[in-house]
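Inspection log for the structure reproduced underneath, given as structure tokens.
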2 protein chains.
Amino acid sequence: MTSYKDKKVIGIGIVSELTGLSERKIRYYEERKLIFPDRSKGGTRKYSFGDVERLVDIANKIEDGMQTFEIRKEEMRKLKKADVRDKMLRGQLNAAFKMRK
Amino acid sequence: MTSYKDKKVIGIGIVSELTGLSERKIRYYEERKLIFPDRSKGGTRKYSFGDVERLVDIANKIEDGMQTFEIRKEEMRKLKKADVRDKMLRGQLNAAFKMRK
DNA sequence: CGTGTAAGGAATTCTGACACG
DNA sequence: CGTGTAAGGAATTCTGACACG
């Protein structure tokens, strides 16, 4: 369920290396609500491999001239779709479950 | 090929949290050649999720009274087996390749 | 708007050593 | 042998601000 891909364990320095993005950019995308790292007790940011992928994605869109708020909107649309998918799936499961009785 | 599991990107603090082992222990197992983290430019250790699993494994064996040099021997035996497996596999592939001609 | 940078401080990690056993 | 700890320093990261545009 929670695979390595989603464990928030990577520091910003390594994320910077992995993505090629400056730490400044990475922090800025967080400020713009595009990425949501965890924090250690001390306050240092921790990212997952999934975050690293998302960051590369974000960087590509910005390079294509998209603005952060547009990217955020797009992400929210995706989340909504995922929500809908989840709801539909749950609906189907419920239906199937009822039929079993 | 190189999946998330083998990317050395996790600091020792997080590894300590993930494994429940003290940093002292983690460093000591390295000293005893049981684990091989990468190093950042600055010299800080970086571990993979595979390393985290190995550390838990090592800790269990030590808890069972095994000594570090025994664990190391065991690991080397495994590596040798893997080597043999690799060699055999390569041998079979070679044989199959020859037959195709 | 998105990003670089210098600034000062705080959190993280490193090594070598002493301790116990 | 395996592990804890205090010590001092170095590497890493943090925030808020100024700059450019």
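What you are looking at is a predicted structure, and each value in this text was computed from that prediction instead of being measured. Just so we're on the same page: letters track the sequence lines, and every chain starts at 1. Every heavy atom of this structure was used, including side-chain atoms; hydrogens, water molecules and symmetry mates were not.
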Give the residues of residues 35-43 of chain B touching DNA chain D, defined as any heavy atom closer than 4.0 Å, sorted by residue number. B:Ser40, B:Gly42
Is there a side-chain contact between A:Tyr47 and A:Ile26 in this structure, where contact means two heavy atoms from C-beta onward sitting under 4.5 Å apart? yes
If you measure from the Lys or Arg side-chain nitrogens to the Asp or Glu carboxylate oxygens, is any gap between B:Glu23 and B:Arg27 under 4.0 Å? yes
Output a table of donor-acceptor pairs, distance under 3.5 Å, between side-chain atoms of residues 58-76 of chain B and any protein atom two or more places apart or on a different chain; print 'none' if there are none.
{"unit_1": "B:Lys61", "atom_1": "NZ", "unit_2": "B:Asp57", "atom_2": "OD2", "d": "3.1"}
{"unit_1": "B:Lys61", "atom_1": "NZ", "unit_2": "B:Glu74", "atom_2": "OE1", "d": "2.5"}
{"unit_1": "B:Thr68", "atom_1": "OG1", "unit_2": "B:Arg32", "atom_2": "NH1", "d": "2.9"}
{"unit_1": "B:Glu70", "atom_1": "OE1", "unit_2": "B:Gln67", "atom_2": "N", "d": "2.8"}
{"unit_1": "B:Arg72", "atom_1": "NH1", "unit_2": "B:Arg32", "atom_2": "O", "d": "2.3"}

Between OG on residue A:Ser3 and CZ on residue B:Phe49, distance to nearest 0.5 Å: 8.5 Å
Output yes when at least one side-chain N/O atom of A:Thr68 is less than 4.0 Å from OP1 or OP2 of C:dG2, else no. yes
A:Tyr29 side chain near C:dG2 phosphate (N/O to OP1/OP2, under 4.0 Å): no
With a cut-off of 6.0 Å (strictly less than), are more than 12 heavy atoms of other residues, nucleotides or ligands near NZ of A:Lys78? yes
When you compare the side chain of B:Arg45 with that of B:Arg39, does any pair of heavy atoms fall below 4.5 Å? yes
Around atom NZ of B:Lys46, are there more than 12 heavy atoms from other residues, nucleotides or ligands closer than 6.0 Å? yes
Using atom NZ of A:Lys8 as one end and atom C1' of D:dT13 as the other, report the distance to the nearest whole Å. 18 Å
Pair up each side-chain donor or acceptor in residues 8-20 of chain A with any protein partner under 3.5 Å, not counting sequence neighbours, and list the distances.
{"unit_1": "A:Lys8", "atom_1": "NZ", "unit_2": "A:Phe36", "atom_2": "O", "d": "2.7"}
{"unit_1": "A:Lys8", "atom_1": "NZ", "unit_2": "A:Asp51", "atom_2": "OD1", "d": "3.3"}
{"unit_1": "A:Lys8", "atom_1": "NZ", "unit_2": "A:Asp51", "atom_2": "OD2", "d": "2.9"}
{"unit_1": "A:Ser16", "atom_1": "OG", "unit_2": "A:Leu21", "atom_2": "O", "d": "2.6"}
{"unit_1": "A:Thr19", "atom_1": "OG1", "unit_2": "A:Val15", "atom_2": "O", "d": "2.8"}
{"unit_1": "A:Thr19", "atom_1": "OG1", "unit_2": "A:Leu21", "atom_2": "N", "d": "3.1"}

Any side-chain N or O of A:Tyr28 below 4.0 angstrom from OP1/OP2 of C:dG2? yes
Starting from C1' on C:dT15, measure out to CD on B:Glu30 and report it in whole angstrom. 12 Å
Looking for any heavy atom pair under 4.0 Å, which part of the strands does A:Phe69 touch: base, sugar-phosphate only, or nothing? nothing
Of all of residues 16-27 of chain B, which get a heavy atom below 4.0 angstrom from DNA chain C, listed by number? B:Glu23, B:Arg27
Which dot-bracket string describes DNA chain D (Watson-Crick N1-N3 plus N6-O4 or O6-N4, or G-U N1-O2 and O6-N3, all under 3.5 Å; [ ] crossing; | other strand)? .||||.||.|.|.||.||||.
If only side-chain N and O atoms of A:Arg32 are considered, is one of them under 4.0 Å from the OP1 or OP2 phosphate oxygen of C:dG2? yes
Taking only heavy atoms on the protein side, list every residue of residues 57-67 of chain B lying under 4.0 Å from any atom of DNA chain D, sorted numerically. B:Ile62, B:Gln67
